[in-house]
Amino acid sequence: MRVRQGRWAWPALIAFAAACARAPAIPCDECGTIVIAAAGEPSSLFPPLVYETVGRDITDQVFERLANLAPDAAPIDPAGYRPGLADRWERVDSLTLRFHLRAGARWQDGSPVTAHDVVFSFAAYADPALDTEAGPALAGQVTVEPEDSTTVLVRFARAYPEQWYDATWHVRILPAHIWEAIPREAWAGDTALAHVVGSGPFRVVDWVPAQSLRLEPMPGAATTLTRVVWRFVPDPDAAVNLLLSGEADLVEQLGPPARVARVAADSAARLIRYPSAAYGFLGFRLEDAKGRRHPLLGDRAVRRALAMGIDRPLLAAGIFGEGTVAPAGPMSQLLWINSPDIRILPYDTAAAARLLDSLQWLRGRDGVRRRGGQVLGFDILVPGTSPTRRDLAQALQQSWKLLGVETTITAVDFPVFNQRLASGAFDSYIGAWLDEPSPRGLADQWTRSGWDKLNYGHYADAAFDALFGQAVAAPDTATAGPLYRAAMDTLNADAPALFLYAPMQVAGAARRVEGVTINPYSWLSDLASWRAGPRR
């Protein structure tokens, strides 16, 4: 059964799949189809301009990095990288790495991939005009030059342990022969699918905005799949409905336990659990933008008492379900520095009450603590678009009420939420960050250097900053690990935040899809090795 190439009508895809199910013995390209339901749609398919997860998922099938970090590897470990567009590499000296491109590598339009493409790509990602997330790590720090037509030298401005990471993680290699002639200021507005040309195993065949996108494998690609289709839907419930109706095969993240239970009850679907790269927390404002200490939360002892009044593991599991943990610091379950040896403040409401009593925050007849007429209370800021964060805030509110602490909850639209964080117009807030494999990004969130970036609560501690800096500069995991743990011990003792949850992601998959392995940093990175049988 063959299908005319070109733009599909969605019902036709379902009809072909149904035909496969009725006659699985007949060879049928559509039996190799995987349909992914995604709540959202990419704004671009050109990697430097991709910011949404779904856009990354799609473009990672089309474009390649020089090398790929194994999901369980530390970025400072040279042995943790596996071939991508480059099939081998070596260190030249303390400032230079050499990468050899895969023999015979070609762009999807047939043009050969050359060292010039790599040079062009690094320069594009570092260009301030594009304002890529990778720009700060590359601009003025990393330069690339050709050694010959298929070999590049990646040079660094200084010696540091994560050179392999910066040479491979940030940049997907782009076809210079297509994009070099287009002014960079016009890239964001370029939507021509003919310009979405990579060197990866799949190519983009069709994109119907607000409906669907289709990939097909390149000739000779090592895959049994014949096409991969994304269905774009408005919300996660709609994505789950497509999975349960048999119109989709995969949903990346089911979300709260109620959705997980719906999929678990369907005999044609299964759950796939894998750790998320995210962590969530309640952050306190210690100072405002003018350096004025918060009258309550600027007190380290008060923050410690508040932290000891919360049963974080119970909260995490109760709201997020099986597999979610209360992290030992600002880190997901994936981050390689995560360790059970990191010291945390205990859950001990009696000790918390004694500490507040010693600070003269005493309970009144109404159970609320006061000192000199001042109520021990503060506000929790949450984005109104996140029911989960509202649930967390309410659970914290109830726990602290038992301790004699009065809290209010303010829910605002997400743009307002971000504005208030940036301006310091909050007492506390519930936030979430997505980890990259390198822990050095925590500097923007928790060190003094991050005050103008993501450290909205203005936490600053010289001992923490020093330990963190030493850890980042350490040459290997054996040296860096203890330093990171010591830094986290210091951070936890100061309690600038309550690290509340590091979730276990739950994907939903049709049982017809086999061979599924998931890299949590890019859940579809091994898609080419998956198999899709007939629909049941």
Side-chain angles (χ1 to χ4, degrees), residues 47-48 50 53 55-91 96-102 105 118 121-122 125 132-138 141-142 144 152 154 156 159-174 198-201 252 274-279 331-339 433-443 471-481 484 502 505 517-529:
V50 169
T53 300
R56 180 210 62 196
D57 293 340
I58 294 168
T59 56
D60 276 358
Q61 309 307 315
V62 179
F63 297 88
E64 295 181 280
R65 295 178 170 105
L66 285 176
N68 299 302
L69 181 66
D72 57 349
I76 61 177
D77 180 7
Y81 294 85
R82 56 194 185 191
L85 185 54
D87 59 7
R88 57 192 176 93
W89 46 82
E90 63 266 357
R91 176 171 291 284
T96 311
L97 305 176
R98 179 187 288 118
F99 290 85
H100 304 268
L101 301 184
R102 184 176 63 241
V118 182
S121 302
F122 273 80
Y125 272 85
T132 68
E133 293 182 357
L138 300 175
Q141 304 298 316
V142 182
V144 182
V152 293
V154 181
F156 301 87
Y160 61 100
E162 289 191 350
Q163 289 175 343
W164 296 103
Y165 180 73
D166 286 342
T168 59
W169 177 262
H170 308 292
V171 176
R172 278 72 169 173
I173 307 306
L174 313 170
S199 59
E252 177 187 7
Y274 61 101
S276 167
Y279 77 91
M331 61 194 77
S332 70
Q333 297 187 50
L334 290 174
L335 203 61
W336 74 268
I337 66 172
N338 206 336
S339 168
W433 297 123
L434 195 65
D435 280 341
E436 288 190 347
S438 169
R440 72 184 188 204
L442 296 176
V472 169
D476 51 51
T477 55
T479 307
Y484 276 120
Q505 207 91 294
T517 59
I518 292 181
N519 175 350
Y521 287 113
S522 180
W523 78 296
L524 295 176
S525 61
D526 293 324
L527 177 65
S529 67

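Fair warning: this is a prediction, and the values are worked out from it, not measured in the lab. Counting begins at 1 with the first residue of the sequence.
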Given side chains that start at C-beta, do those of [X] and [Y] come closer than 4.5 Å, heavy atoms only?
X    : Y    : value
I337 : T477 : no
L524 : N519 : no
S199 : I173 : no
L66  : V118 : yes
V142 : V154 : yes
Y484 : P439 : yes
R91  : W164 : yes
D60  : S525 : no

Between [X] and [Y], which heavy-atom pair has the shortest distance, and what is it?
X    : Y    : result
P48  : Y125 : N-OH, 3.6 Å
N338 : M331 : CA-SD, 3.4 Å
L334 : P520 : CD1-CB, 3.3 Å
G481 : W336 : N-CH2, 4.1 Å
F63  : R172 : CB-CB, 3.9 Å
S276 : A278 : OG-N, 3.0 Å

What residues, two or more places apart in sequence or in another chain, satisfy salt bridge (charged side-chain N to carboxylate O under 4.0 Å, His left out) together with R98?
->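 R98 satisfies salt bridge (charged side-chain N to carboxylate O under 4.0 Å, His left out) with E90, E147 only.
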Between [Y] and [X], do the side chains contain a donor N or O and an acceptor N or O under 3.5 Å apart?
X    : Y    : value
Y521 : E436 : no
Y160 : D166 : yes
D476 : T479 : yes

How about H170 and F122: are their ring centres within less than 6.0 Å of each other?
->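 No; F122 has its ring centre 6.0 Å or more from that of H170.
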Looking at residues at least two apart in the chain, or sitting in another chain, which of them share a side-chain hydrogen bond (donor to acceptor under 3.5 Å, both in side chains) with [X]?
X    : answer
D57  : W523
S438 : E162
S332 : D435

Could you state the interatomic distance from [atom1] ([X]) to [atom2] ([Y]), rounded to the nearest 0.5 Å?
X    : Y    : atom1 : atom2 : answer
L138 : S121 : CG    : OG    : 11.0 Å
L527 : I518 : CG    : CD1   : 10.5 Å
D87  : H100 : CG    : NE2   : 8.5 Å
T53  : E252 : OG1   : CD    : 6.0 Å

What residues, two or more places apart in sequence or in another chain, satisfy ring pair (Phe, Tyr, Trp, His ring centres under 6.0 Å) together with Y81?
->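 Residues passing ring pair (Phe, Tyr, Trp, His ring centres under 6.0 Å) with Y81: none at all.
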Spell out, as yes or no, whether a donor-acceptor pair under 3.5 Å connects the side chain of T59 to the backbone of V62.
->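 The answer is no, because no donor-acceptor pair under 3.5 Å joins these two groups.
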Pairs in or reaching into residues 63-75: which pass salt bridge (Lys or Arg N to Asp or Glu O under 4.0 Å), with residues at least two apart or in two chains?
->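 Listed by first then second residue: E64-R102.
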Would you please classify the geometry between the F99 ring and the W89 ring as parallel, tilted or perpendicular, with 30° and 60° separating the classes?
->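 W89 vs F99 ring planes: tilted.
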